[in-house]
Amino acid sequence: MAVCSVGTTKYEADIGRLMERRLDRLGGGISPECGRGFAEASIEGGAQLAQWCEAVAELLLMDLAQFEIAYMVNGLPLTLEEKKAVLPEAICMAKRASGLEKLQGELMDYFEGNSYLSLEGYIRFRMQDYRRQWERCVYAAADEMLLNDEYTELLKVLSAFVKLRSPGAGEVYVILNPDGSCTFTDDNDVRIDYEQCSEEGIMSVLVGLSPDRITVYDLSGGRSAELYDNLIRVFDDRVRFFR
């Protein structure tokens, strides 16, 4: 039998309760002694050690990673509102790329020779690869947010441009097909087929035509919710959308 423990003096998290919940979910019969900043348990055999390490890995990657990512986001040259938008997306990205099994194996090796793990020390000195991954997630989330902001500004410009233009085509019909292609037709039965239809391509064609009315038939299986929202932003009440 061995005693294993984890603790922190840095993170404002109830380590004991978090470990209790994760160990209870794993169902390994481990009953830790817990406080707000620590958890300790008697471990019998390799199976229990594996469950203990899995719980610690989840604690590090699912719980404490959020603090580290928040520190990284706070250091970005963004406004407070922009940081609030970036943080949850960065956390989601990091969870999707967690590396749980790899970290569990590393923790098994650690606890074979050590009884106590300082959570902040382990993250700082032994999880550099994971920290770099979290950093990449933060930058990716920030880039995505900035691109979305730029696209929103572009839509505002397009909306103003469309309102200033004289009407062009009367009514344009857009059919979004299940295979990703789309078809444009107008009042004169002129037809244009596109094998690949991106949202940007559709918007570009419609801005160029500047029709009095746009009717969209969505046969794509509901993959066009964002397109609908952006068409409304640019063309306002000219748009009718049928699913």
Side-chain angles (χ1 to χ4, degrees), residues 1-76 78 80 83-142 144-145:
M1 179 182 295
V3 175
C4 295
S5 60
V6 296
T8 183
T9 57
K10 174 183 178 182
Y11 301 108
E12 293 296 325
D14 193 334
I15 301 301
R17 181 171 296 181
L18 290 169
M19 283 294 292
E20 277 186 327
R21 289 176 179 174
R22 297 199 176 281
L23 288 167
D24 184 62
R25 182 184 62 79
L26 294 172
I30 301 174
S31 300
E33 294 184 13
C34 298
R36 181 169 180 82
F38 77 95
E40 180 179 282
S42 297
I43 305 298
E44 298 182 10
Q48 282 199 347
L49 180 60
Q51 288 170 335
W52 170 263
C53 290
E54 184 175 353
V56 176
E58 290 182 355
L59 175 70
L60 290 164
L61 292 175
M62 304 299 173
D63 299 314
L64 300 186
Q66 297 186 41
F67 289 91
E68 293 296 321
I69 292 169
Y71 298 147
M72 294 174 184
V73 170
N74 193 49
L76 295 174
L78 301 173
L80 179 60
K83 290 175 182 178
K84 288 180 179 178
V86 168
L87 180 57
E89 183 60 27
I91 289 173
C92 287
M93 289 181 179
K95 286 183 177 180
R96 289 196 293 268
S98 65
L100 182 63
E101 291 184 5
K102 178 174 180 289
L103 182 57
Q104 182 184 359
E106 293 166 353
L107 289 166
M108 290 280 289
D109 292 338
Y110 178 87
F111 279 108
E112 288 290 348
N114 300 274
S115 61
Y116 175 74
L117 182 146
S118 166
L119 293 165
E120 56 267 34
Y122 195 86
I123 288 175
R124 180 177 180 182
F125 296 110
R126 292 177 177 259
M127 293 181 64
Q128 291 299 313
D129 289 344
Y130 299 90
R131 285 174 54 83
R132 282 190 286 270
Q133 179 63 43
W134 299 340
E135 194 171 56
R136 286 193 290 270
C137 291
V138 167
Y139 289 137
E144 184 174 322
M145 184 272 298

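Values in this document were obtained by computation on a predicted structure and should not be read as measured data.
Here CH2 of Trp134 is found 15.0 Å from OH of Tyr139. Values are rounded to the nearest 0.5 Å. A distance of 7.5 Å separates CG of Asp63 from CD1 of Ile15, quoted to the nearest 0.5 Å. If you take CE on Met62 and CG on Leu100, they are separated by 5.5 Å, rounding to the nearest 0.5 Å. Summarising the geometry, atom CG belonging to Leu103 is positioned 11.0 Å from atom CD belonging to Glu54; distances are rounded to the nearest 0.5 Å. Atom-to-atom distance recorded for Ile69:CD1 and Leu87:CG is 7.5 Å, nearest 0.5 angstrom. We find the CE-SG distance between Met19 and Cys34 to be 7.5 Å, quoted to the nearest 0.5 Å.
Between Glu135 and Arg131 there is no salt bridge, since no side-chain N of the basic residue sits under 4.0 Å from a carboxylate O of the acidic one. Note on Asp24 versus Arg21: no salt bridge recorded, every NZ/NE/NH1/NH2 to OD/OE distance being 4.0 Å or above.
Exactly one of Arg124, Arg126, Glu120 qualifies for a side chain to side chain contact (heavy atoms under 4.5 Å, CB included) with Tyr122. That residue is Arg126.
The number of heavy-atom neighbours closer than 6.0 Å to CD of Glu101, taken from other residues, nucleotides and ligands shown, is 12 or below. For Arg25, the CZ atom counts as densely surrounded, since its 6.0 Å shell holds more than 12 non-hydrogen atoms of other residues, nucleotides or ligands.
Minimum heavy-atom separation, Met127 to Leu60: SD-CD1, 4.0 Å. Scanning all heavy atoms of the two residues, the minimum distance from Cys4 to Phe111 falls at SG-CD2, 3.8 Å. In terms of heavy-atom proximity, Ala41 sits nearest to Ile30 at CB-CG2, 3.5 Å. Of all non-hydrogen atoms in Gly29 and Gln48, the two that sit nearest each other are O-NE2, 4.0 Å. In this structure, Ala90 and Val138 approach most closely via the heavy-atom pair CB-CA, 3.9 Å. When all heavy atoms are compared, the tightest approach of Lys83 to Leu78 is CE-O, 3.3 Å.
Leu49 has its side chain within reach of Glu112: a pair of non-hydrogen atoms, C-beta onward, lies under 4.5 Å apart. For the pair Asp129 and Gln133, the minimum side-chain heavy-atom distance is 4.5 Å or more.
Using a distance-only test at 3.5 Å, with no hydrogens or angles considered, no donor-acceptor pair links the side chain of Tyr110 to the main chain of Gly105.
Taking the six-membered ring where tryptophan is involved, the planes of Tyr11 and Phe67 are tilted, since the angle between them lies from 30° to 60°.
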Q | Trace of the side-chain contact (heavy atoms from CB on, under 4.5 Å) decision for Thr8 with Leu64 | A | CA-CA 10 Å; Thr8 183; Leu64 300 186; 5.8 Å; no
